[in-house]
Amino acid sequence: MNAKRSSVPVALLDWYDAHRRVLPWRARPGETVDPYRVWLSEVMLQQTTVAAVTPRFLAWTARWPDFASLAAADDADVMAAWAGLGYYARARNLVKAAKAVVAEHDGVFPRTEAELRTLPGLGAYTAAAVAAIAFGERAVVVDANVERVVARLFAITTPLPAARPAIRAAADTITPDMRAGDFAQAMMDLGSSICTTRNPKCLLCPLRPDCDGFAQGEPERLPVKAKKAAKPQRHGTIFWLERDGQVLLVRRPDTGLLGGMRALPTGPWTDQPPGFEAAPAQADWQMLDDRVTHGFTHFDLELGLAVARVEAHQPGEWWPVETLDTAGLPTVFAKAAQAIRAR
DNA sequence: GACTCGTGGCT
DNA sequence: TAGCCAAGAGT
């Protein structure tokens, strides 16, 4: 235990200095860290890959480069800019947090983990990561990478999520007082490139001399995870109402699935087959033979596509079909729109 | 602790 | 292919 405390940070930081990734939100050695960019990147990276985040981060920071501009942004613009990234509460909370920084912190991002933790969208991980990376505070940063590295390093065999307290305690023992931000990023770089979920590259790992999981064999079996429940199948109908080259869009409620997002009208998503009961208007609806499928985190969805044209005006937001790709639709609706337009 | 909440990439 | 997984947070 104490052997790891002294050897792991040194070995890991040496490895990081030689192999650290260059990322748009990451300050190079000697550069000044921008807390706004660190925070934004950490939120975007929640459950989201570096490849998916990179172009979004660049576009976002070009449009809203700081807390003040984001706090003053139009909500619909923000949600449209987030479309396709998923977990849309993140976008809603980004605006809430930016407004809170401007209104309650004089525009200055708080620098302690405890203060950061009070802002919307900053949970245990993100508050610790921002405190460490942006402000150099010593904080125990535990994400899925760190969980995996630590579970192997200490050969923790308790299944997740029950193992979380033990993993955090172990991570605490190897977190250094200095360079805590680099240490956190090094752990994540190691987890993404060396200590991977499958086929870890132990022969290249700077922590192999300290790794109990390697010493005991089969480190790839760690961490142990509880099995997940099967996803149910749900069904529904998407309504494509067209008038003079424009299609009717709605705005979904702020809470719940795809909350606050612009969308095509849809009925409830249940175990019932597609039907016209929830149509947004009286019209000569035709059900297409095509079906659109989409997987969410906790259920799979198969949608019928109901289409109709109207002449009379209907209340709602009408969007030109030709520019529908700029409407900021979540992926499931973008899929449906493409299927309909392909016909 | 158990759910909800997206998406795309990988094997 | 079908499942697994990723820089998690909120309730």
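The model shown is predicted, which means the values in this text are computed figures rather than measured ones. Labels below follow one simple rule: chain letters A, B, ... track the order of the sequence lines, proteins then strands, and each chain is numbered from 1. Side chains are part of it too, since the values below use all heavy atoms of this structure and drop only hydrogens, waters and symmetry mates.
For the side chain to side chain donor-acceptor pair (under 3.5 Å) test, residues two or more places apart in sequence or in another chain that qualify with A/S7 are A/D210. With sequence neighbours excluded, the residues that form a side chain to side chain contact (heavy atoms under 4.5 Å, CB included) with A/V310 are A/L241, A/R243, A/A283, A/Q314, A/W318. Among residues two or more places apart in sequence or in another chain, the ring pair (Phe, Tyr, Trp, His ring centres under 6.0 Å) test is passed with A/Y36 by A/W39, A/F67. Residues satisfying the side chain to side chain donor-acceptor pair (under 3.5 Å) criterion with A/N145, sequence neighbours excluded, are A/D143, A/R148.
In the region residues 125-143 of chain A, proximity to DNA chain C at under 4.0 angstrom, judged on heavy atoms, holds for A/Y125, A/T126, A/D143.
Atom CZ of A/R37 and atom C1' of C/dA7 are 16 Å apart (whole Å). As rounded to whole Å, 18 Å separates atom P of C/dA2 from atom NZ of A/K227. With rounding to whole Å, A/R117 atom CZ is found 15 Å from C/dG8 atom P. In this structure, A/I167 atom CD1 and C/dG8 atom P are separated by 14 Å, rounded to whole Å. As a whole-Å value, the separation of A/K228 NZ from C/dC4 P is 7 Å. Remark: P of C/dC5 and CG of A/N145 are 13 Å apart, rounded to the nearest angstrom. Spacing between atom CZ of A/R20 and atom P of C/dA7 amounts to 18 Å, rounded to whole angstrom units. Taking atom CD of residue A/E147 and atom P of nucleotide C/dA7, one finds them 10 Å apart after rounding to whole Å.
Residue A/T197 places at least one side-chain N or O under 4.0 Å from the OP1 or OP2 atom of C/dA6.
Residue A/L23 is in base contact, counting any heavy-atom pair closer than 4.0 Å across all strands shown. Residue-level contact check: A/R148 touches the backbone only, with heavy atoms under 4.0 Å from sugar-phosphate atoms and none from bases. As judged by a 4.0 angstrom heavy-atom cut-off over every strand, A/R26 is placed among the base-contacting residues. Across all strands shown, A/W25 has heavy atoms under 4.0 Å from base atoms, whether or not it also approaches the sugar-phosphate.
The salt bridge (charged side-chain N to carboxylate O under 4.0 Å, His left out) contacts involving residues 108-126 of chain A comprise A/R111-A/E137, where partners must be two or more places apart or lie in separate chains. Screening residues 174-185 of chain A for side chain to side chain donor-acceptor pair (under 3.5 Å), with sequence neighbours left out, gives A/D17-A/R179, A/R26-A/Q185, A/R138-A/D177, A/R179-A/D182. Sorted by first and then second residue, the side chain to side chain donor-acceptor pair (under 3.5 Å) pairs involving residues 94-106 of chain A (not counting sequence neighbours) form an empty list. Each salt bridge (charged side-chain N to carboxylate O under 4.0 Å, His left out) pair with one or both residues in residues 296-312 of chain A, not counting sequence neighbours, appears once here: A/K231-A/D300, A/E242-A/R309.
Of the two residues contacting DNA chain C, namely A/L119 and A/V50, the nearest-nucleotide position lying further toward the 5' end is that of A/V50. A residue-by-residue look at A/N93 and A/R21 shows that A/R21 has its nearest nucleotide of DNA chain C further toward the 5' end.
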Side-chain atoms of residues 329-343 of chain A: list all donor-acceptor pairs with protein atoms under 3.5 Å, sequence neighbours left out, distances to 0.1 Å.
unit_1, atom_1, unit_2, atom_2, d
A/K335, NZ, A/T293, O, 3.0
A/K335, NZ, A/H294, ND1, 3.0
A/R341, NH1, A/V321, O, 3.1
A/R343, NH1, A/D290, OD1, 2.9

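Under the 4.5 Å side-chain heavy-atom criterion for ILVMFWY residues, no single connected hydrophobic cluster contains both A/L190 and A/F214.
Taking the six-membered ring where tryptophan is involved, the planes of A/F109 and A/F135 are tilted, since the angle between them lies from 30° to 60°.
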message: Evaluate A/W15 against A/L204 for side-chain contact (heavy atoms from CB on, under 4.5 Å), listing each step before the verdict.
response: CA-CA 10 Å; A/W15 174 84; A/L204 299 176; over 6 Å; no

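Remark: DNA chain B takes part in the stems B:2-5 with C:8-11, B:7-11 with C:2-6, each of 3 or more antiparallel Watson-Crick or G-U pairs, criterion distances under 3.5 Å.
Comparing the C1' positions of B/dC3 and C/dA7 gives an interatomic distance of 22 Å, to the nearest angstrom.
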- request: Sugar-phosphate means primed atoms, P, OP1 and OP2; the rest is base. With that split, encode nucleotides 3-11 of chain B 5' to 3' as B, S or - using protein heavy atoms under 4.0 Å.
  value: -SBBBS--S

